[in-house]
Each structure stands twice: as C-alpha cells, then as structure tokens.
There are 2 protein chains.
Amino acid sequence: MSGEDNLLRLVEAEDGDENNYHLQDQVGFILRKAHQRHVSIFASQIGDLTPPQFAALAKLYDIGETSQNQLGTLIAMDAATVKGVIDRLKARGLVEVSKHEVDKRRLLVNLTSEGREAIERLIPLARAITEETLAPLTTKEAATFLRLLAKLA
Amino acid sequence: MSGEDNLLRLVEAEDGDENNYHLQDQVGFILRKAHQRHVSIFASQIGDLTPPQFAALAKLYDIGETSQNQLGTLIAMDAATVKGVIDRLKARGLVEVSKHEVDKRRLLVNLTSEGREAIERLIPLARAITEETLAPLTTKEAATFLRLLAKLA
DNA sequence: TCAAATTCATTCGTATGCAAATGATATCAG
DNA sequence: CTGATATCATTTGCATACGAATGAATTTGA
C-alpha cells in the first residue's frame, strides 16, 4: 500500500459523507417535492382549477383589469404560459379579453361576473390549502419558513 | 347606519388586511416561484440536462441498477413521467435498459459508462447550484430552511 | 423625423407532471 | 390450483413551463 493510498483513506475518513452526493439532501430536489405536495393538496381541495389558473383569477380579483403581459409578470408566468392559462379560463367563461384602445399591442384581461363569483367562493378554500400545506410546521416554524422561502423566491 | 354595519366596520378595522387575500403571501405561490428560480439557476449551470434528468442519473449513480418503477419512487416521479425521462436519457446514451430475468414486468435501468462519466463531471456543478440557490440565506438560515422544507416535502 | 430598439402577443418545439385506462405479469387467498 | 388482486410498464390526454422565432405596434434617440 502506497503513502498516497493511506492519505486518500485518511481524507475520505475525515470527510465522512462529504464526498457522497445525496440527491435527497439537495435544496432543489426537496423544493420540487414540496411543490408537488402543495399541488396535490390544492387539487384535493380545488379540483376544477389548477394553481396557475387560480393565481390568475386571484390576481385579477385583486387588481382588476390588466394586460395579459402584465398579469403574467404579476403571477410569475412567461408570455407563452400565461397565454395558455388565459385561453383556458376564457373558454370556461371566467375571464374575458378585449383590445387596449390606445396601445393596440395589448390584450386586456378581466374577470367575468362568473369569474368573480368563482374566486370569491374559492378564496376560503385557498386559505385552507395554505393551512394544510403548512400543517407539518408549528405556527412559529411556518412564519420562519415563509420568511426564508420569500428570500429565496 | 345599523348596528350590524358598525360591527362589520369594527371587525374589518381589527382584521386589518386579514380579509384580503394576497397571492404573493401564499406558501404555494412562493414555493412555485422558488422552484422556478432554482430550475433557472440549474439551467444556467447545467444547460444540457434538466433537473429531473440529473436526478435520475444521480440516483442511479448512488444505488446502481434498479427498475424504472423503483427509480421513479426514489426520485419522486410517477410512472408516466419517469418513462419520458428515461427514454430521453436512453436516446442520449446515458442510460441503458434491460429486462429483469425473473420478473418479466420489470424494466431494469442502469448508467452507461458515458452516463457515469457525465454524472461524475456534473456533481461538482450540482453542488454549486445548491450553493447559488441558497445564496440569499446565511449559513444558519439555510440550515433552518432546509430542515423546515424537508418537513413539508 | 425616422431608423433602431423595445414591448406585447403569438406560435412552435421540447420537457415535465399527473390522472386514467390498458395490458402483461406476478402474488395471494381460498 | 385458480380466480381475485396487486404490481409494473405503457399510452393518451391535458396542463404548466420556458426558449426561440416571428410579427405587430410603440418608443427611443440621433
């Protein structure tokens, strides 16, 4: 056995597991799983709307009519994604679109009365979803978690 | 003005913003954004592989040959999703599949030598991705965050 | 003013992600 | 042993998600 071999073994012993890569400890992997769990909880409480669709309705309810592009910025969706979401909400009669009178590039999006009723009905469920998602944490832990998560996002 | 009106106003005043639903404060929305940010960081460091593809390679590197179904369980992908991921890795020559000799239902998946070289080369980059993702937090905050995130996932 | 740069929306291609249905195989229970 | 169950994999359909390319409209800057 060479001196190099001894040194290598020593280093590996000192490192413990540091030379091993454990997927299940990586923030990206756990983040993906936590997100999956939330989506699953969401689906169990609100079966006929996806989280992105809900986000679009909730934001329109909050700020009123806006352009598709601006809405996308506010709910963190790129232009291609938000178009699909709005198309499906439009097909279901929950939002309506119109052309901006001055800036002809813009597509204005707004809730229909049906969309307004839907979001008002769903917001209590959304609170329950948040609660269930955070249920594994104590109130204090949840506050800490949300603070740190917001710093990452 | 009725007594009910007074009571309502009082309650609303005491509630502050509690009657308003703010999407940007909901754990699901922030979780989605944090996940998006991580995927973006991942793509900037490892452009030719997605996080799910990397997860499959890393897990195979960790545990060796396994069935497609078992691999899916280990990396939190349902059967339909893992099939697509493995198909694409197979097309790129990073994994190879074979039939289980005893249980003919199972599809065994393993790294090719090329896949092994790839994951060994990428693991240092993955460590950098984790670091960059957690960069907005102090070391202590990151430890707390990971602990709480794991409880949620 | 007017050409260049920017913005808004759309389209295409690729890659997750999951529910539901299906087929093949294996295991279990009576 | 065999019918009922369960497991493994595949396929289809739908919904994000994003890069890149395109076209229309607006804004900027020399």
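A note on names: the letters A, B, ... follow the listed sequences, proteins ahead of strands, and every chain is numbered from 1. All of these numbers come straight from a predicted model, not from anything done at the bench. The figures that follow rest on heavy atoms only: side chains count, while hydrogens, waters and symmetry mates do not.
Using a 4.5 Å heavy-atom cutoff, the side chains of V97(A) and L108(A) are not in contact. Using a 4.5 Å heavy-atom threshold, the side chains of Q53(B) and L57(B) count as separate.
Nucleic acid contact class of S40(A) (heavy atoms, under 4.0 Å, all strands): none. Within 4.0 Å (heavy atoms only), V102(B) reaches sugar-phosphate atoms of the nucleic acid but no base atom.
Projected onto DNA chain D by closest heavy-atom contact, P51(A) and R105(A) fall at different nucleotides, the more 5' of which corresponds to P51(A).
Using a 3.5 Å distance cut-off with no hydrogens or angles, the side chains of Q26(B) and T130(A) do pair a donor with an acceptor.
Legend: ring pair (Phe, Tyr, Trp, His ring centres under 6.0 Å) pairs involving residues 98-145 of chain B, not counting sequence neighbours, sorted by first then second residue: F145(A)-F145(B). Pairs passing the side-chain hydrogen bond (donor to acceptor under 3.5 Å, both in side chains) check and including a residue from residues 34-48 of chain B, sequence neighbours excluded, read Q45(B)-E132(B).
If you take CD of Q36(A) and C1' of dA17(D), they are 15 Å apart, rounded to a whole angstrom.
Under 4.0 angstrom from either OP1 or OP2 of dT7(D) there lies no side-chain N or O belonging to Q70(B). A close approach under 4.0 Å does occur between a side-chain nitrogen or oxygen of Q68(B) and OP1 or OP2 of dT10(D).
At a non-hydrogen distance threshold of 4.0 Å, A79(A), A80(A), K83(A) from residues 76-97 of chain A come into contact with DNA chain C.
Between E114(B) and R92(B) no salt bridge is recorded (no basic side-chain N to carboxylate O distance below 4.0 Å).
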